[in-house]
Amino acid sequence: MRIGYPCINRTLRCKADSAFRLSSYTEDRLILTVSSNLDCLEKILAFNSSKGILFFRITSDLVPFASHPVCKFDWQSHFKTRFSYIGNLIRAKKMRISMHPDQFTLINSVDRSIFARSVKELVYHAELLDLLGLDATAKVQIHVGGVYKDRPGSIQRFIERYGSLPEPVLRRLVIENDEKYPLSDCLAINRETGIPILFDKFHHEISNRGEGIPESIGLVSDTWDAGRDGLPMVDYSSQMTGERRGKHAFSLDERDFSTFLYSTRGYDFDVMLELKDKEESAMRALRVAFKDPRLVAI
DNA sequence: GGCAGTCAAGTACGC
DNA sequence: GCGTACTTGACTGCC
C-alpha cells in the first residue's frame, strides 16, 4: 500500500499546473510554462519521496493545451530528456503515478466530435506517462461519462467506443465509480471490456446498491491484473460535515481512515486522498497507517 | 500595483 | 433557455 494526494502541493512554493489563457498562447510561453511545471513536479516528487508519500496524481495541466489544435509544438521531443530524468526519479523511489483528465473527457458522449477531442486528450495523458518511461501500472482514470437520459444506451456506447481507443490509451485507462455510474455499472462495463475499476470510496457511499466497502474492494481487485496493472488504486475522501452531500471534506478524518484501513485489511491497494489540504492529510494518513503491514516502507 | 471579470473543453439540474 | 455547480485558482486587462 502506498498513500498519496493529487496534483497540488501546498507546502512548496511552486506549481506544476501553471497555465495561461488560450488567447495568449505562443510557443515561447508554452516552453516557459512547461519548463517551470516540470521543475516543480520534480520538487514535489522529491518532497513526497522524503516524506514517504509514494503515490501522486500528476496534473493534466502539466502541458497546457497539449491536445488543443492551437498546439503544434513538438513538446514531446523538446522535453524528452527532462521527462526521462523525472521518470527515473519516480522509478528509483518506487513511486506510483496516476492522472485524471477532467470532466470534459467523455468516451460516451452522444456528440462524436466530443469523443474525438476526448481521444486526443487521452492520448496526451498516455504520451506523458510514456515519456516518463512508466509501465502500465501508471494509470489514467476517467468517469464513465454522461447518462443522456438513456443509461443502458450510454453504457453500451462506452463499451463500443472503448474498443476503438489506441493501444497506448487502453493499457492505462481505468474507470472510476461515481454518482451517475455506481460500482455495479462499472462492473458490468468491466465484464464486457476488461477495463480495471478504480474504487472511489466517497462516491460509493453516496451511490451504491448495498455493497459494503470491503466487499467492493474485493470486487474491484478482481478487475486489476496484478502483473500488468499493479495494485488496485482507491480514491479516498469523506463527507464534509454540515455541507451539501457530495462535498469533499477539507482534511483527513483520522478515525474514519483508521476504520477504513481496518475493514479492508484483507486487501492491498494504493490510496489517493482527495482532500483539500493535500500533503498535510497524506502525512497524517501515513502516521495513522504506521503499523499497517501493507504500507510500503521508504 | 491592485482589482475584478474571466477562463478550452461538458453535463445535469433547478428555475 | 439560462445560470450555476463541479472546483479553484490565477491569468489578464484595465484603472
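Order of the sequence lines fixes the chain letters, A, B, ..., with proteins taken first and strands second; residue numbering starts at 1 for each chain.
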How far does the [atom1] atom of [N] sit from the matching atom of [M], given to the nearest Å?
{"N": "C/dT8", "M": "B/dG1", "atom1": "C1'", "value": "23 Å"}
{"N": "C/dG3", "M": "B/dG5", "atom1": "P", "value": "16 Å"}
{"N": "C/dG9", "M": "B/dA12", "atom1": "P", "value": "26 Å"}
{"N": "C/dT7", "M": "B/dC13", "atom1": "P", "value": "15 Å"}

**Prompt:** In Watson-Crick or G-U wobble terms, both distances under 3.5 Å, what is the partner of B/dC13?
**Reply:**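 Answer to the pairing question: C/dG3, which forms a Watson-Crick or G-U pair with B/dC13.
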**Message:** When both hydrogen-bonding distances must be under 3.5 Å and the geometry is Watson-Crick or G-U wobble, what is B/dC7 paired with, if anything?
**Reply:**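 By the stated definition (distances under 3.5 Å), C/dG9 pairs with B/dC7.
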Reckon [X] touches a base, only the sugar-phosphate, or nothing at all at heavy-atom distances under 4.0 Å?
{"X": "A/Thr105", "answer": "nothing"}
{"X": "A/Lys276", "answer": "sugar-phosphate"}
{"X": "A/Phe65", "answer": "base"}
{"X": "A/Arg29", "answer": "sugar-phosphate"}
{"X": "A/Val147", "answer": "sugar-phosphate"}

**Asked** At under 4.0 Å, does any side-chain N or O of A/Arg21 touch on OP1 or OP2 of C/dG13?
**Response**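 Checking C/dG13 against A/Arg21, no side-chain N or O comes under 4.0 Å of OP1 or OP2.
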**Request:** Would you please confirm or rule out a distance under 4.0 Å between OP1 or OP2 of B/dT11 and any side-chain N or O of A/Lys180?
**Result:**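 For A/Lys180, the contact criterion (side-chain N or O under 4.0 Å from OP1 or OP2 of B/dT11) is not met.
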**Item:** Stacking check A/Phe104 vs B/dA9 (5.5 Å / 30 deg)
**Value:**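 Aromatic stack with B/dA9 present for A/Phe104.
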**Item:** With A/His100, the side chain to side chain donor-acceptor pair (under 3.5 Å) member among A/Arg57, A/Glu176, A/Glu274, A/Lys139
**Value:**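 So, applying the side chain to side chain donor-acceptor pair (under 3.5 Å) to A/His100 and each of A/Arg57, A/Glu176, A/Glu274, A/Lys139, only A/Glu176 qualifies.
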**Asked** Where the side chain of A/Tyr148 is defined as all heavy atoms beyond and including C-beta, which of B/dA8, B/dA12, C/dC11 is the nearest nucleotide?
**Response**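 Between B/dA8, B/dA12, C/dC11, the one nearest the side chain of A/Tyr148 would be B/dA12.
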Do [X] and [Y] pair up side chain to side chain, a donor and an acceptor below 3.5 Å, judged on atom types alone?
{"X": "A/Tyr236", "Y": "A/Asp256", "result": "yes"}
{"X": "A/Arg161", "Y": "A/Ser118", "result": "no"}
{"X": "A/Glu279", "Y": "A/Thr11", "result": "yes"}

**Message:** Heavy-atom count check: over 12 atoms from other residues, nucleotides or ligands less than 6.0 Å from A/Tyr85 OH?
**Reply:**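 Atom OH in A/Tyr85 is not crowded, with 12 or fewer foreign heavy atoms closer than 6.0 Å.
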